[in-house]
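Beneath this line is the structure, given in structure tokens, with notes to follow.
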Amino acid sequence: MVWEVTLRNLKNDWKYKFKLLFNSMYTAINLALFTIIAETLNPTEGALPEDYGDDGFLKFLFLGTYLWALFTRPFEDTVNCLPEETQKGTLGLLITNRVTVTKILMGRFLASFIISTCLATAVVMPFLGLLGMLTMQTLIMLPVILLVFFSMMIFMLCISLWVASFSLLFKKTGVLANVFIYGLKVATGMYFPVFGMGNTALLLGAIPISSGIVLLRDIFITGVPQGHGIEGKITWMGWETTPAQFIEFVVLSQVIGVLALAFIAYLSIKGYTKKAKLMGTIETY
Amino acid sequence: MQENVIEVQDLVKQFKVGGGPLKPKYEKIINGMSWHLKKGDHVAIIGQNGSGKTTLMKILAGIYLPDEGTVRVAGHDVKRELDEVLKKTSFVAPALSFLKKLSLRDILKFYGYSIGGEIEPAIKFLDDFGAGFMIDELAEVLSEGQKALLRFAIALLKDPEVMLIDEVTANLDVIKKEKLLNYLASKKDRISFIIIDHDVTTVDRLTNKLLMLKRGGTVMKLGDVNEILETIPYRYDVDVMPRRLIKKDYWDKYEQPWRGIGSHIQFICQTKKEVSELTTKLLDDKEVLSFTTSGLSIEDIYFFYLLNEDYASSEGIGRIGFEETTLF
């Protein structure tokens, strides 16, 4: 049923072509801005792995922009999904025809994710090629890329469901969603290298989306995972700045982070749906 | 023993109507309601604004959950077996809508999948009602009447045991209304209809019971339509539009029960002879701009009971002034 909801949204979204065009433009503008930033600013020495090379910061920002372009729109669409379905008058028909709130939200996320992936990839891929990030080594690492990418997508799906569930009880959650996604972008290193922050990096880096982005950046820029951290600064729990240790860290953060958030999102949607049906707020905005 | 298709026992539903987060203020929309409907029976729910009709419908449809009490639909508890309730129950209301950028076929396919039903009968239904040629059109081009038909097409996908319908023929033209009533009436053996409607024709054609609710969400009366009609001595009403607002005791001179509805005056009569005598007098009355006569409506029946039960000391259905009509 989730796939049917996804198809329903895809068919509907496809009719709003200007919206798709503006979303692509937004990604392109972001890339242009980050090019300017990378040309005018330099990160602290040692904040990025040495193998990233001279234009490492530009590549770093490009990949961050690309990956967040994939996840931002699905998150925002999912959080706004229930209020929008209600305003359109479609929510009542859905929930009385066995389409649960969870399925509605999952279908919304997946549809937006598919669209974002197609649009952002079309806009960004040529630049990745020009910057030398699409090589034979990238192709060899494709299974790892897809696996990490999939895990990050599940994490973002869970976080989107969790935040979207607030809209069952609290109205006008749009600002909360904006704060949340902006905070997440900052915390997960869209604009700066997380592992340049000493011990704090272990907290921020443990967020699945954060560790995933770092690993994908490594693979696209250098072809292999790197050891992260600044020698002598990260001392927590026997942390070492080796690639092997980092891969272990990524796997742990993905598995624990995704499972924990999936559990929270499930409980949150179940609990809030029941409460919204009791309070009568499920289809009132 | 005949099986109950609906069982409502000590139902309480309240909503927050104000107050702060620490001291919320709640109002009981339904307060201790109990009633049941046997399989094969069909009921029209009537009541004034605030009597809990729509809330009750939404509880039966699984959109809201009861705060207290139990509600069973088609043999299943709406709290514990909601999915089973949804499999057997269809809800149709003008407020329910669909994505406007999808075609009718896409919409039917989607809902067909969600409930595990075939869409061919729904397409045939639309065909029979002259909307079949629009099957590949986007929903945004549908008229309100065509949207109403699409809602019924979706509702019928389930082959439901219970149909909850808010305003059955809303937005339909006279011919389609007649056709739809015939169609639904032909399904009465297999589907139990629970409707909110004040249209006497619809109630008469689709239901055999009336559930009258009081403000505050309690049952005023549940009974057989014919039995209830027999208890009311009045059969006709004469709706008068005066030229100007005049003192209400002016209308007492006709010695016929009346009530004010906004700027109108409504007389009620027991026999055709009374109607004839009254209208003859009205024709000569310079204060009367126009008048129409008709059979007693469901609202009139409801109002009659409301007055007789809530205003036992009142003068009956007649001589109800402008103040009291705010009840409507």
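Computed from a prediction, not measured in an experiment: that's the story for all the values here. Throughout, protein chains are lettered first and strands after them, A, B, ... in sequence-line order, and every chain is numbered starting at 1.
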Heavy-atom proximity to chain A below 4.5 Å, by part of [X]:
X        : answer
B/Ala95  : backbone
B/Leu138 : side chain
B/Lys13  : side chain

Can you confirm whether [X] is buried at [atom1], in the sense that more than 12 heavy atoms of other residues, nucleotides or ligands lie under 6.0 Å from that atom?
X        : atom1 : result
B/Glu118 : CD    : no
A/Phe166 : CZ    : yes
B/Lys23  : NZ    : no
A/Tyr26  : OH    : no
A/Lys88  : NZ    : yes
A/Lys270 : NZ    : no
A/Tyr16  : OH    : yes

So if I take each residue of residues 145-165 of chain B and look for any heavy atom under 4.5 Å from a heavy atom in chain A, which residues do I end up with?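 Contacts with chain A: B/Ile154, B/Lys158.
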Lys/Arg N to Asp/Glu carboxylate O, A/Arg8 vs B/Asp106, below 4.0 Å: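 Answer for the salt bridge query: no.
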Does any non-hydrogen side-chain atom of B/Phe110 lie less than 4.5 Å from one of A/Met1?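 A side-chain contact exists here, since the closest heavy-atom pair is under 4.5 Å.
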Can you tell which of [options] has the highest number of heavy-atom pairs within less than 4.5 Å of chain A?
options                             : answer
B/Lys109, B/Gln14, B/Lys58          : B/Lys58
B/Ile115, B/Leu65, B/Leu96, B/Thr55 : B/Leu65
B/Ile59, B/Val92, B/Ile63           : B/Ile63

Report yes or no: does B/Ser114 contribute a side-chain atom to a donor-acceptor pair with the main-chain N or O of A/Asn97 at less than 3.5 Å?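 Here the side-chain-to-backbone pair exists.
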Quick one: does B/Lys101's side chain have a donor or acceptor within less than 3.5 Å of a partner on A/Lys15's backbone?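 The answer is no, because no donor-acceptor pair under 3.5 Å joins these two groups.
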Distance in Å, [X] [atom1] paired with [Y] [atom2], rounded so as to fall on 0.5 Å steps:
X        : Y       : atom1 : atom2 : result
B/Leu99  : A/Asn9  : CG    : CG    : 7.0 Å
A/Leu278 : B/Lys79 : CG    : NZ    : 6.5 Å
B/Ile107 : A/Asn12 : CD1   : CG    : 9.5 Å
A/Leu94  : B/Ser97 : CG    : OG    : 10.5 Å

Answer with side chain, backbone, both or neither: which region of [X] has an atom nearer than 4.5 Å to a non-hydrogen atom of chain B?
X        : result
A/Leu7   : neither
A/Lys274 : both
A/Met279 : backbone

Run the side-chain contact (heavy atoms from CB on, under 4.5 Å) check on B/Val78 and A/Lys277 step by step: do they pass? CA-CA 11 Å; B/Val78 292; A/Lys277 285 189 167 195; over 6 Å; no
Which atom pair, heavy atoms only, marks the closest approach of B/Tyr111 to A/Thr90?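 Result for this residue pair: OH-O, 4.4 Å.
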